[in-house]
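Both ligands and their constituent atoms are indexed starting at 1 by order of listing.
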Amino acid sequence: MADVVSIERVGPIGLIALDNPPVNAAGHGLRAGLVEAVETLEAEDGIAVIGLYGAGRTFIAGADIREFGKPPRDPWLPEVCNRLESCAKPIVSVLHGATLGGGLEVAMATHARVAVPGVRLGLPEVTLGILPGAGGTQRTPRLVGVKAALELATTGKHIGAEEALELGLVDRVMAGEPRNIALAAAEDLAAGVLAHRRTGELETPPDPGAIDAAKAHLAKTQSHLFAPHRVVEAIAAATLPLSDGLAEERRLFNACMDSPERAGLIHAFFAERAVARIPEGKAAPREVAKIGVIGGGTMGSGIATACLLAGFPVVLMDVNATSLDQGISAISSNLDGAVARGKMAQAARDAVDLTPATDLSALSGADLIIEAAFEDMAVKRDIFGTLGLVAKPGAVLATNTSYLDLDQIAAASGRADDVVGLHFFSPAHVMRLVEVVVGAGTAPEVVATGFALARRLKKIAVRSGVCDGFIGNRVMQRYRQAADHLMLDGAMPDRIDAAIRGFGFAMGPFEVSDLAGLDIAWARRKRLATTRDPAERYGGGVADALCEAGELGRKAGMGFYDHSGDAPVPNPRLGHLIANEQARLGIAPRAITEDEIVNRYMTAMIMEAARVVEDGIALRPIDVDAVFLFGYGFPRWKGGPLHYVDTTGAAAIVKRIETYAANDPQFWRVPEILAKMARSGHRFADMNEEA
Ligand code: 3HC
């Protein structure tokens, strides 16, 4: 028997323990071991009932996702479930920790279920682009009805023990150690105190109304996805005899497995976790009990909110008393919003420890200080010069700069080993991404502290090297410029935005610019104007003209769009401004298709994303994907820009770049890494695996 499954005998009770750290994923060893254990105990005359439980932190968190896409190995999870259900002796399962997907399916195939308070139960397969494929679409509606089964399997939401009891998904809730519960529940099973039944032998009460409602809802909200619709079809088949329903489930499961959405969503799942593997992973993070935030603007107040939500005491500092007041009131309304949305308990809100200050010396007690002041090198160097003197020894000094050279900022502090970039995304208390920017002198434990802080804030940290814009904004600059070029070539901004939304982004580039404010990119264009190559086709002229007229985007009521009405409409001056710029640059506008918009935009993104890997700014391709998935609204089911290359093939991208380069060789150049991949047939996935 595989060593991840063990048997213990206590009188007439057989106990089976599953121990496959970290989450008891139902990989081949666990599946084979479980079947063998059940068959061993079934054959023993002295055993009357069986208790099944998870050693470690969970029952079973699901099928082993790492096996997806590899040749299947017997026994499959559906066979395991059928074998459990057909066992001649009743089995009770004890559900604790995460009992998700295939884990819940195993539990439903046993004959009684006991949930431990704190357990998370659910069918999250849909979030991975698949459906419950080990009988879940057939057994769940038999236990809880079609409507509740649809709710669980189309949303992937987790529920707790009490809710599961109310639904009829579990038979009992009991606190304690899983092994002790398994023993007690098995005794009750033997004594007839705890009822048992074979779920597969129950009938699903038909509910065509629930099926139709789910179909209509998903057609409206998730037409771009594949799996949720297949989930509904599979659950609709649960009124058939079990074997027919299971066959239909298998057919639909296989179709999901073959879908590109499945590959993208699973890549995103692993991206979220892979980014935590950093060279500084073994360094011990410094202790952080108190945080200082510099700057009462949108970023500073958002960062302070995120820290307060995580329970840190915060000192918010701004030299300008008016900005400080505005910051404090923005934080206050953020926190009230969090309470209203159930994200923060009222007691925690009442206990918030926020101190306003107008002098940097007030930060001397902070263990970690995050500067979110004006994006200007002189301002930042000045602040870090003072911090070097007033911050306590060992305090981590972080800057939220989105473009500036971290090493220059660090040098001003006189203690570069303490300095790191923590680049948050706006709104900082909502967006999950933080780029942890590592300078030439940053100490490993300071990097580790940045990652530890991100974890405490429930954010996803991605390690970046130093360059203009780090990973995200550097790449964004490139595709933002491609959008400007598309506009100059004849596609209006609202058409470009619509095409990019059609690809799956929540917003198009011009909508994003209006939301962020056009002045940020304007300041950067001015900063770089002196170093700009005169041969470069300058795309920023239209935005410059808007900025010069004070049309800075949504906050000014006007930008690329007019925001004065109920819904934004294109700025009426835009056509005129674009025509001026076309005339100035000698561009004859032409018709541009939606496909060309998407392809040029995506190719520009990929081109720079590949260079970020080539230059070693990102540790791995998957880190760049994570940045775009969690910070820039890249559609999760497409897995990120470099995963997207793997789906089209590097050769196709290289060909596109070469085609575009015929008109604009300055902008479009094939990165060496892509050229090599096109020649060798290698994929970014290979680089991720090697790393
Ligand atoms: N398969 C393989 N590895 C898994 C896994 C799974 N189902 N679930 C988690 N892991 C791995 C993670 O990749 C991570 O590995 P790493 O340390 O090498 O990066 C490790 O386990 C720990 O995971 P987390 O960092 O996510 O730990 P948390 O404590 O934060 O969360 C969890 C635990 C809630 C179980 C979370 O990992 C999770 O949601 N897992 C996925 C659950 C899921 O989707 N199950 C359904 C699978 S599909 C299925 O069952 C198909 C079936 O119907 C046939």
Per-atom contacts of ligand 1 with [X], taking only distances under 4.0 Å to non-hydrogen atoms:
X: Phe269; answer: 40 (N), 41 (C)
X: Glu105; answer: 52 (C), 53 (O), 54 (C)
X: Glu125; answer: 48 (S), 49 (C), 50 (O), 51 (C), 52 (C), 53 (O)
X: Arg277; answer: 16 (P), 18 (O), 19 (O)
X: Gly133; answer: 53 (O), 54 (C)
X: Ala25; answer: 1 (N)
X: Pro132; answer: 53 (O)
X: Arg57; answer: 27 (O), 28 (P), 29 (O), 33 (C)

Take [atom] and look for protein heavy atoms under 4.0 Å from it; say yes if you find one, no if not.
atom: atom 41 (C) of ligand 1; answer: yes
atom: atom 15 (O) of ligand 1; answer: no
atom: atom 8 (N) of ligand 1; answer: yes

Check [Y] with [X], please: is the shortest side-chain N to carboxylate O separation under 4.0 Å?
X: Arg620; Y: Glu690; value: no
X: Glu272; Y: Arg432; value: yes
X: Glu233; Y: Lys215; value: no
X: Arg286; Y: Glu445; value: yes
X: Arg31; Y: Glu79; value: no

Backbone, side chain, both or neither: what part of Ala98 comes under 4.0 angstrom of ligand 1, heavy atoms only?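 Just the side chain.
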For ligand 1, does Thr58 get within less than 4.0 Å through its side chain, its backbone, both, or neither, judged by non-hydrogen atoms?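 Near ligand 1, Thr58 shows nothing, with every heavy atom at 4.0 Å or more.
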I want to check something: taking the side chain as every heavy atom from C-beta on, are [X] and [Y] in contact at a cut-off of under 4.5 Å?
X: Thr99; Y: Arg120; value: no
X: Arg197; Y: Leu202; value: yes
X: Val146; Y: Pro141; value: yes

Go through Glu249 and Thr137 one step at a time and tell me if the side chain to side chain donor-acceptor pair (under 3.5 Å) criterion holds. CA-CA 7 Å; Glu249 177 188 89; Thr137 65; 2.6 Å; yes
Regarding ligand 1, does Gly102 bring an N or O atom to under 3.5 Å of one of the ligand's N or O atoms? yes
Looking only at N/O atoms, are Ile65 and ligand 1 under 3.5 Å apart anywhere?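 Yes; at least one N/O pair falls below 3.5 Å.
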Report the member of Ala61, Ala63, Ala134, Gly135 with the shortest heavy-atom distance to atom 45 (N) of ligand 1. Ala61
Would Glu272 count as a contact residue for ligand 1, given that I'm defining contact as a non-hydrogen atom of the residue lying under 4.0 Å from a ligand atom?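 For ligand 1, residue contact (heavy atoms, under 4.0 Å) with Glu272 is absent.
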Residue-ligand contact Gly136/ligand 1, heavy atom below 4.0 Å: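 Heavy atoms of Gly136 never come under 4.0 Å of ligand 1.
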Among all protein heavy atoms in this structure, tell me which lies nearest to atom 4 (C) of ligand 1, with the distance rounded to 0.1 Å. Val23 CG2, 4.0 Å
Does NZ or CZ of Arg66 come closer than 6.0 Å to the centre of the six-membered ring of Phe68, within 45° of the ring's axis?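 Relative to the ring axis of Phe68, which defines the angle, Arg66 lies outside at least one limit.
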Derivation of the salt bridge (charged side-chain N to carboxylate O under 4.0 Å, His left out) call for Lys157 and Glu151: CA-CA 8 Å; Lys157 73 171 189 176; Glu151 170 76 11; 3.4 Å; yes
